[in-house]
Amino acid sequence: MEQFIALIQSYTALGIGVIIGLGALGACLGLGIMGSKFLESGARQPELIPLLQSRMFLLAGLIDAAFLIGVALAMYFAVANPLLSALAGAGH
């Protein structure tokens with residue numbers, strides 16, 4: 001039984017790493033691409049910079065929020081793993 005619990009904990013740790021790693025990679029790539037497109041469009045039409053800037057910051061917040069939701073979900077699995085609690089409830 002201890003080996004099964006250790007297996008669940010190790011797979012959970014790997015899953016947490018994948019969630020945080022891929023989430024950070026996606027957020028960084030998304031922000032980088034969005035920033036480069038903002039600079040390109042601002043260089044082409046400088047009069048639109050205030051409008052584009054407000055929309056860029058809104059989207060940057062949404063991208064970061066999606067990443068932080070993934071981090072919160074990963075931390076939930078790290079601290080209060082529902083798989084282990086279900087296993088503990090089934091054992092009694």
Side-chain angles (χ1 to χ4, degrees):
M1 187 67 160
E2 292 84 21
Q3 290 177 344
F4 186 62
I5 291 173
L7 185 67
I8 290 174
Q9 288 175 334
S10 64
Y11 283 153
T12 301
L14 286 173
I16 289 169
V18 168
I19 289 171
I20 293 175
L22 290 179
L25 179 69
C28 290
L29 286 175
L31 287 172
I33 291 170
M34 184 179 59
S36 70
K37 297 296 182 180
F38 169 72
L39 290 175
E40 284 178 19
S41 61
R44 290 177 192 260
Q45 293 182 331
E47 67 275 3
L48 290 179
I49 288 178
L51 176 68
L52 294 173
Q53 187 177 18
S54 63
R55 291 185 180 171
M56 186 193 74
F57 284 134
L58 176 69
L59 288 174
L62 291 174
I63 291 171
D64 283 341
F67 168 64
L68 290 177
I69 288 170
V71 169
L73 183 65
M75 291 299 106
Y76 171 70
F77 276 103
V79 175
N81 194 340
L83 301 173
L84 290 178
S85 63
L87 184 64
H92 293 301

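Because the structure is a prediction, the values reported are computed rather than measured. Residue numbers count from 1 along this sequence. The figures that follow rest on heavy atoms only: side chains count, while hydrogens, waters and symmetry mates do not.
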Taking a hydrophobic cluster as the set of Ile, Leu, Val, Met, Phe, Trp and Tyr residues connected by side-chain heavy atoms closer than 4.5 Å, whether directly or through intermediates, do [X] and [Y] fall within one such cluster?
| X | Y | answer |
| --- | --- | --- |
| Leu59 | Leu25 | no |
| Ile20 | Ile69 | no |
| Phe38 | Phe57 | yes |
| Leu22 | Leu68 | no |
| Val71 | Ile63 | no |

#### Entry: Connected-component partners of Leu14 among ILVMFWY, side-chain separation under 4.5 Å
Leu7, Tyr11
### Message
Once side chain to side chain donor-acceptor pair (under 3.5 Å) is applied, what residue pairs with a partner in residues 61-83 remain, sequence neighbours excluded?
### Response
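The answer is Thr12-Asn81.
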### Query
Atom CG in Leu31, atom OG in Ser36: separation rounded to 0.5 Å?
11.0 Å
### Query
Say you draw a straight line from CD1 of Ile33 to SG of Cys28; how long is it, rounded to the nearest 0.5 Å?
11.5 Å
### Message
What verdict does the side chain to side chain contact (heavy atoms under 4.5 Å, CB included) test give for Met75 and Ile19, after you've listed the backbone C-alpha separation in whole Å, the side-chain angles of each residue and the deciding distance to 0.1 Å?
### Response
CA-CA 10 Å; Met75 291 299 106; Ile19 289 171; over 6 Å; no
Shortest non-hydrogen contact from [X] to [Y]?
| X | Y | answer |
| --- | --- | --- |
| Ile16 | Ala78 | CD1-CB, 3.5 Å |
| Leu52 | Ser41 | CD1-OG, 3.2 Å |
| Met34 | Met56 | CE-O, 3.5 Å |
| Phe67 | Gly23 | CD1-C, 3.4 Å |

### Message
Surrounding CD of Glu47 (heavy atoms of other residues, nucleotides or ligands, distance under 6.0 Å), is the total greater than 12?
### Response
yes
